[in-house]
2 protein chains.
Amino acid sequence: MTRTEAESADTPTRVAVSTVIFGLRHLPGSDATCVVLPLVRRTRDPHEGQWALPGGWLGERENLEVAASRTLAETTALAPSYLEQLYAFGDVDRSPTRVVSIVYWALVREDEMSSSQEGAQENVAWFTATELPELAFDHRLIVDYALWRLRNKVGYSRIAHGLLADEFTLAELREVYEAILGRRLDPANFRRQVENSGTLIPTDRFRTGSHRPARLYRYNQDVELAERGPLEVR
Amino acid sequence: MTRTEAESADTPTRVAVSTVIFGLRHLPGSDATCVVLPLVRRTRDPHEGQWALPGGWLGERENLEVAASRTLAETTALAPSYLEQLYAFGDVDRSPTRVVSIVYWALVREDEMSSSQEGAQENVAWFTATELPELAFDHRLIVDYALWRLRNKVGYSRIAHGLLADEFTLAELREVYEAILGRRLDPANFRRQVENSGTLIPTDRFRTGSHRPARLYRYNQDVELAERGPLEVR
DNA sequence: CCAAAAGTGTTTGCGGTACACCCATGA
DNA sequence: TCATGGGTGTACCGCAAACACTTTTGG
């Protein structure tokens with residue numbers, strides 16, 4: 001096929017946008033925290049009844065990121081604290097009819113999550129990332145890849161803040177890292193690493209618990225180590 | 001908008017696939033090597049006459065990666081030694097009519113390049129990455145992002161091998177790194193780093209030049225540090 | 001023998017890990 | 001006062017940078 005022929009073979013394709021939305025949940029019994037994500041039960045023919053990622057068709061005059069935000073609002077009623085494109089999936093056989101899916105992944109803050117989960121819509125449920133049901137289409141592959149990206153990115157950027165409220169203790173921040181990475185971190189070393197990174201601003205307030213109060217920190221907006229895509233390239 | 005309405009709003013979109021193809025070129029005069037990429041002169045209305053990334057419309061029954069390979073073959077007549085999805089660009093205003101572009105980036109080997117550049121097609125030319133002309137659409141942003149990804153990835157994966165022949169000296173490999181990173185590297189430290197990485201297999205052959213012969217190495221296929229996307233996630 | 005590139009050895013400093021230790025608070 | 005988590009000090013290890021040095025070839 002020559003370039004000219006390719007240029008004229010202008011066949012429209014159905015384009016969908018889906019989003020892998022990550023949040024945190026404290027397990028009531030133990031002191032552990034785990035990564036959770038919302039899934040939508042399908043009410044239509046391909047894979048009807050199975051759980052799938054929240055998503056929808058790309059609007060005619062809708063930017064990709066806007067479509068992802070819409071998805072997020074429809075299932076969590078929240079504004080994302082972090083939103084980044086994950087990958088474009090377009091294999092011919094990934095759906096009975098050809099669909100190209102632009103997939104985003106997002107973080108929602110823990111303090112806001114509880115409110116939205118109470119007023120949950122029908123057919124939406126939150127699952128622990130390590131205990132997922134069978135998913136529709138290739139969505140299991142997509143979630144696994146998003147989890148890989150989350151775990152990777154937490155190591156070289158500061159996205160963990162996207163899962164916390166404005167003010168937080170170092171222990172709470174460490175909890176986020178431990179939940180994402182799935183392993184315990186040394187509190188002493190964690191403190192120094194994150195202090196030296198210059199991304200935290202200590203406040204004068206303290207979280208008073210059952211023991212010695214812990215200083216509250218805020219995220220330093222000036223520092224933006226996260227790389228979300230070509231749009232941020234200066 | 002509810003999910004149900006979104007699900008029924010099934011409006012097809014025009015989907016294109018473009019590829020940023022990177023190669024290397026030795027500058028005849030100096031001993032420097034630089035990154036080069038092929039561009040195609042547009043012969044059609046939007047941005048006619050300007051240079052643009054090689055690409056075309058996604059075929060109805062064509063996987064995304066296959067479409068990218070086709071693009072690559074049409075402009076270089078080569079099989080890519082490395083091919084990875086870069087990003088999906090879909091802003092409404094990036095083209096007069098709405099187009100979602102799935103962009104890939106690729107590496108072609110230096111030893112194969114010369115042959116294809118001689119039999120170059122009309123309207124295709126290779127440019128030094130640091131001296132690009134004005135590009136059509138948002139292709140300048142795309143190329144800059146691909147360059148950022150290339151420079152980033154060379155630091156934590158072994159994609160530099162994708163720009164060399166099967167057998168190469170450490171100096172040749174170092175040249176690739178220096179061309180991509182744009183700075184000189186210490187030969188001694190470079191040797192140790194790459195030797196300790198376990199990605200190289202020494203051969204018994206030597207490259208005999210004007211001075212002491214240098215050992216030739218091969219790339220260890222077993223080690224695959226590169227991460228090309230969700231398809232490689234086990 | 002000389003120039004130049006291949007290849008080796010050694011020192012230094014930095015960042016991460018392990019772990020001992022002190023501090024402040026509620027009960 | 002004790003238990004518990006907050007917070008500090010310190011020794012160690014591995015890696016990478018800097019750079020002096022030896023080796024091997026062509027001319």
Side-chain angles (χ1 to χ4, degrees), chain A residues 26-27 30-33 151-158 160 164-165 167-218 223 225, chain B residues 26 30-33 151-158 160 164 167-218 223 225:
Chain A
H26 291 285
L27 294 183
S30 74
D31 58 347
T33 302
R151 293 195 182 109
N152 227 39
K153 199 136 192 171
V154 86
Y156 65 87
S157 77
R158 299 298 152 219
L164 288 173
E167 296 194 336
F168 48 85
T169 67
L170 291 182
E172 288 164 353
L173 182 61
R174 179 165 47 83
E175 253 188 297
V176 175
Y177 277 81
E178 290 178 344
I180 293 174
L181 297 176
R183 60 187 170 91
R184 312 297 279 182
L185 300 174
D186 185 305
N189 296 329
F190 180 81
R191 160 181 301 275
R192 264 181 300 253
Q193 277 175 253
V194 80
E195 272 176 348
N196 293 343
S197 75
T199 55
L200 290 192
I201 301 173
T203 71
D204 295 336
R205 309 202 331 115
F206 288 82
R207 172 98 67 225
T208 165
S210 53
H211 298 294
R212 173 173 172 176
R215 184 180 293 279
L216 289 172
Y217 289 80
R218 283 191 301 107
V223 189
L225 293 169
Chain B
H26 291 286
S30 74
D31 57 347
T33 303
R151 294 194 182 109
N152 226 39
K153 199 137 194 171
V154 85
Y156 66 87
S157 77
R158 298 300 152 219
L164 287 173
E167 296 195 338
F168 48 86
T169 67
L170 290 183
E172 288 164 353
L173 181 60
R174 179 165 47 83
E175 252 188 296
V176 175
Y177 277 81
E178 290 177 344
I180 293 174
L181 297 175
R183 61 188 170 90
R184 311 297 277 182
L185 299 173
D186 184 303
N189 295 329
F190 181 81
R191 162 181 300 273
R192 263 182 301 254
Q193 277 174 250
V194 81
E195 270 176 349
N196 294 342
S197 75
T199 56
L200 290 192
I201 301 173
T203 71
D204 294 337
R205 308 201 333 113
F206 288 82
R207 172 98 69 225
T208 164
S210 54
H211 298 294
R212 173 173 174 176
R215 184 180 292 279
L216 289 171
Y217 289 80
R218 282 190 303 106
V223 188
L225 294 168

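Naming convention: chains lettered A, B, ... in sequence-line order (proteins, then strands); numbering from 1 in each chain.
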Note to self: So if I take every side-chain heavy atom of B:F206 and compare against C:dT25, C:dG7, D:dT24, which nucleotide ends up nearest?
What the structure shows: C:dG7
Rounded distance in Å - [atom1] ([X]) to [atom2] ([N]):
| X | N | atom1 | atom2 | value |
| --- | --- | --- | --- | --- |
| A:H211 | C:dA27 | NE2 | P | 8 Å |
| B:R207 | D:dT24 | CZ | C1' | 18 Å |
| A:E195 | C:dG16 | CD | P | 14 Å |
| A:Y217 | D:dG6 | OH | P | 11 Å |
| A:E172 | D:dG7 | CD | P | 11 Å |
| B:L173 | C:dA6 | CG | C1' | 15 Å |
| A:Q193 | C:dC14 | CD | C1' | 13 Å |

In the structure I gave you, are the side-chain heavy atoms of [X] and [Y] within less than 4.5 Å of one another anywhere?
| X | Y | result |
| --- | --- | --- |
| A:L216 | A:T169 | yes |
| A:F168 | A:L200 | yes |
| A:E175 | A:H26 | yes |

Next item on the list: Can you check whether any acceptor in the base of C:dA24 is under 3.5 Å from a donor in the side chain of A:R212, or vice versa?
Entry: no
Which atom pair, heavy atoms only, marks the closest approach of [X] to [Y]?
| X | Y | answer |
| --- | --- | --- |
| A:Y177 | A:A160 | CE1-CB, 3.3 Å |
| B:R207 | B:E167 | NH2-O, 3.9 Å |
| B:R151 | B:L181 | O-CD2, 3.8 Å |

Item checked: Given DNA chain C, 5'-ward residue of the pair B:R192 and B:R174, judged by closest heavy atom ->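 The 5'-side residue here is B:R174.
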Checklist line | Contact residues, residues 176-191 of chain B to DNA chain C [heavy atom, < 4.0 Å] | finding: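 Heavy-atom contacts with DNA chain C come from B:A188, B:R191.
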